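For reference, the structure discussed in these notes is given below.
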Number of protein chains: 2
Amino acid sequence: MRKLQIVQSKGARHEAIRRLLQAERIGTQEGLCRALAREGFRVTQATLSRDLQQLGAVRVGGLYELPPASPAAARLQEVGDLVVSFAENDLLVVLRTQPGAAPAVASAIDAARLPGCLGTLAGDDTIFATPVRGVAVRKLSRKLRNLFGRELS
Amino acid sequence: MRKLQIVQSKGARHEAIRRLLQAERIGTQEGLCRALAREGFRVTQATLSRDLQQLGAVRVGGLYELPPASPAAARLQEVGDLVVSFAENDLLVVLRTQPGAAPAVASAIDAARLPGCLGTLAGDDTIFATPVRGVAVRKLSRKLRNLFGRELS
DNA sequence: CGACGCATTGCATAAATATGCGACTTCATG
DNA sequence: CATGAAGTCGCATATTTATGCAATGCGTCG
């Protein structure tokens, strides 16, 4: 039997990685691994290899660098708190937001230009989002959840 | 005894690498190695590792990409043909150019902001270049030769 | 609750990249 | 011509990164 894994920390870990790469001169995944360990994240090099790819980090001159986080992504993080719940049917993903916040959130989603998102329509506290043909509503729903990086009903 | 090496091709090879990386999707140094071989460049992965570093290439998403060649470097290549000869004494590097071309060449050199180059002064077909304190005139001369990528008297 | 889909992770290892060292060339100099 | 400094390169290998696979956790749905 292999060691139990404590899944569940990717979001926070990615944030930490961003911070660390900017603050320190980190040149290897092993080094990043040690730095993260100091902050309480215990993961292996394999995981970091995947994380760095997902973050779009690039190794240049023996040092890891991050492409500036897209403004769109930053905005999504900001408005994430305004989202109250997710739901979906066969056709649409339906997001509920705090009163009046729907337009702001929908605009942030649009700006992010998700590959699978055909369009959004915002009311006052409700957003309809519809996937491009061929993408399952489920899939889009998951993507949106991940974007806001939170667990919702 | 090890195999004889046919030194002497870095400049052209670097050009070829630039071209190939832009034209094809190349994801490994081995792949680049094969592509170069098709063009007649026979070098090993080790050499390419060094070349790519020198070119500032970056591997992102499993593909090699080049940072856009600095305008300064491009300009240097352009004016390189106008340079006729190099010479040096204890104090200065002296470049001769085609008549009237000195200012253009000097300006390109200045724009390149060589770390070892304190300043240049251009006449009509003659340029004086002087190194920063601590850098040998010899050193600066070599750097300039390399920049123009040609063999001159 | 049980089954299923999917995401996350570690482990082991494959794949890829970087580098120490010596060979060789080219220039320039005594 | 001998000598020496600088630059380029291949080889062998060390270092670093990527990945196939299986285990586990989480959410959903019947």
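Note that the structure is a prediction, hence the values are computed from the model and not measured. In the text below, chain A, chain B and the rest are named by the order of the sequence lines, each starting its count at 1.
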Between [options], which nucleotide gets closest to the side-chain atoms of [X]?
X	options	result
A:R59	D:dT16, C:dA7, C:dT8	D:dT16
A:R145	D:dT28, D:dC11, C:dC11	D:dT28
B:R138	C:dT29, C:dA18, D:dT17	C:dT29

key: Nucleotide C:dA7, atom P - distance to NZ of A:K143 in whole Å   = 11 Å
Atom pair distance, as rounded to whole Å: CG in B:L36 and C1' in D:dC9 = 15 Å
message = Please determine whether a side-chain nitrogen of the Lys or Arg among B:D51 and B:R13 lies less than 4.0 Å from a carboxylate oxygen of the Asp or Glu.
response = yes
Polar side-chain atom of B:R59 near backbone of B:G27 as donor-acceptor pair, under 3.5 Å = yes
query = So do the side chains of A:C117 and A:L140 get within less than 4.5 Å of each other, counting heavy atoms only?
reply =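 With C-beta onward as the side chain, the pair touches.
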ask   = Is there a side-chain contact between A:L52 and A:Y64, using heavy atoms and a 4.5 Å cut-off?
value = yes
Are OP1 or OP2 of [N] and a side-chain N or O of [X] less than 4.0 angstrom apart?
X	N	value
A:Y64	D:dT16	no
A:K10	D:dG25	no
B:Q29	C:dA18	yes

key: Distance-only polar pair, side chains of A:Q45 and A:Q29, donor-acceptor under 3.5 Å   = yes
ask   = When you measure from every atom of DNA chain C, which of residues 45-54 of chain B have a heavy atom less than 4.0 Å away?
value = B:Q45, B:A46, B:S49, B:R50
key: Pair A:L114-A:L144, side chain to side chain contact (heavy atoms under 4.5 Å, CB included): steps then yes or no   = CA-CA 9 Å; A:L114 292 199; A:L144 287 171; 3.8 Å; yes
